[in-house]
Amino acid sequence: MENILIKVGYNDTIEKIAKRYNITPAIIKSANLNIKEVEEGDMLVIPYRARAIHTVRPLETLREIAGKYATTPEIIKANNNLTAPLFVGQQLIIV
């Protein structure tokens, strides 16, 4: 299992994040010094079994990335809680 670092989004809870990554809230709490609550902007360690972690390259689009992994831009957006444009160096979870 790999660890990834995520930024907590608006209205996120530990339970919502756990469901998004198909793990239990207890795993998230344990990986983050038994944190009890999260706020927007907090950074969390997520132990996660991903098919791939993709690092965004210059001028790369979400559609191009999805094509490389035989998935859809919508699935990548949902799994990574994307609400803003991609940026160079950003790491995306591909499941």
Side-chain angles (χ1 to χ4, degrees):
M1 207 175 265
E2 297 179 42
N3 286 335
I4 58 169
L5 189 62
I6 67 156
K7 189 174 186 177
V8 176
Y10 174 76
N11 220 15
D12 266 345
T13 64
I14 292 173
E15 290 74 19
K16 286 180 183 178
I17 295 167
K19 186 174 182 178
R20 184 178 310 135
Y21 293 100
N22 198 28
I23 58 178
T24 66
I27 291 172
I28 292 176
K29 289 175 183 178
S30 176
N32 291 277
L33 303 173
N34 292 315
I35 191 169
K36 300 208 183 302
E37 295 180 12
V38 293
E39 294 180 8
E40 182 179 7
D42 286 350
M43 300 301 286
L44 289 179
V45 172
I46 305 292
Y48 191 73
R49 188 179 317 259
R51 187 168 86 189
I53 304 291
H54 179 86
T55 303
V56 178
R57 296 184 191 120
L59 303 175
E60 201 167 34
T61 67
L62 199 52
R63 185 172 302 283
E64 290 171 326
I65 295 166
K68 290 178 183 179
Y69 297 97
T71 188
T72 67
E74 293 75 23
I75 290 172
I76 294 173
K77 285 171 96 172
N79 287 330
N80 291 277
N81 199 24
L82 294 179
T83 56
L86 298 176
F87 59 88
V88 175
Q90 182 176 10
Q91 291 191 315
L92 301 174
I93 300 164
I94 311 296
V95 293

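FYI, the numbering just counts along the sequence from 1.
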S.K.: Between Thr83 and Tyr10, does the side chain to side chain contact (heavy atoms under 4.5 Å, CB included) criterion hold? Intermediate values first, please.
M.R.: CA-CA 10 Å; Thr83 56; Tyr10 174 76; over 6 Å; no
S.K.: Would you be so kind as to tabulate the donor-acceptor pairs closer than 3.5 Å made by side chains of residues 27-37, with sequence neighbours excluded?
M.R.:
{"unit_1": "Asn32", "atom_1": "OD1", "unit_2": "Val45", "atom_2": "N", "d": "2.8"}
{"unit_1": "Asn32", "atom_1": "ND2", "unit_2": "Ile28", "atom_2": "O", "d": "2.8"}
{"unit_1": "Asn32", "atom_1": "ND2", "unit_2": "Val45", "atom_2": "O", "d": "2.8"}

S.K.: Looking only at non-hydrogen atoms, find the nearest pair between Leu92 and Leu62 and report the distance.
M.R.: CD1-CD1, 4.3 Å
S.K.: Which residue is it: Ile6, Ile17, Asp12? I am looking for the one with a side-chain contact (heavy atoms from CB on, under 4.5 Å) to Asn81.
M.R.: Asp12
S.K.: Identify the heavy atoms of Asn3 and Pro47 that sit nearest to each other, and give their distance.
M.R.: OD1-CA, 3.4 Å
S.K.: Measure the spacing between CD1 of Ile53 and CD1 of Ile94 and express it to the nearest 0.5 Å.
M.R.: 8.0 Å
S.K.: Can you list every pair that meets side chain to side chain donor-acceptor pair (under 3.5 Å) and has a residue in residues 57-69, with sequence neighbours left out?
M.R.: His54-Glu60, His54-Tyr69, Glu60-Lys68, Thr61-Glu64
S.K.: According to a hydrophobic-cluster definition based on side-chain heavy atoms being under 4.5 Å apart (Ile, Leu, Val, Met, Phe, Trp, Tyr only), do Ile75 and Ile65 belong together?
M.R.: no
S.K.: Taking Asn79 for the side chain and Ile76 for the main chain, is one N or O donor matched with an acceptor at less than 3.5 Å?
M.R.: no
S.K.: Please indicate whether Leu5 has more than 12 foreign heavy atoms, meaning atoms of other residues, nucleotides or ligands, lying under 6.0 Å from its CG.
M.R.: yes
S.K.: Donor-acceptor pair, Lys16 side chain versus Asn11 backbone, under 3.5 Å?
M.R.: yes
S.K.: Taking Gln91 as the fixed residue, which of Val56, Asn80, Thr55 is the one that meets the side-chain contact (heavy atoms from CB on, under 4.5 Å) rule?
M.R.: Thr55
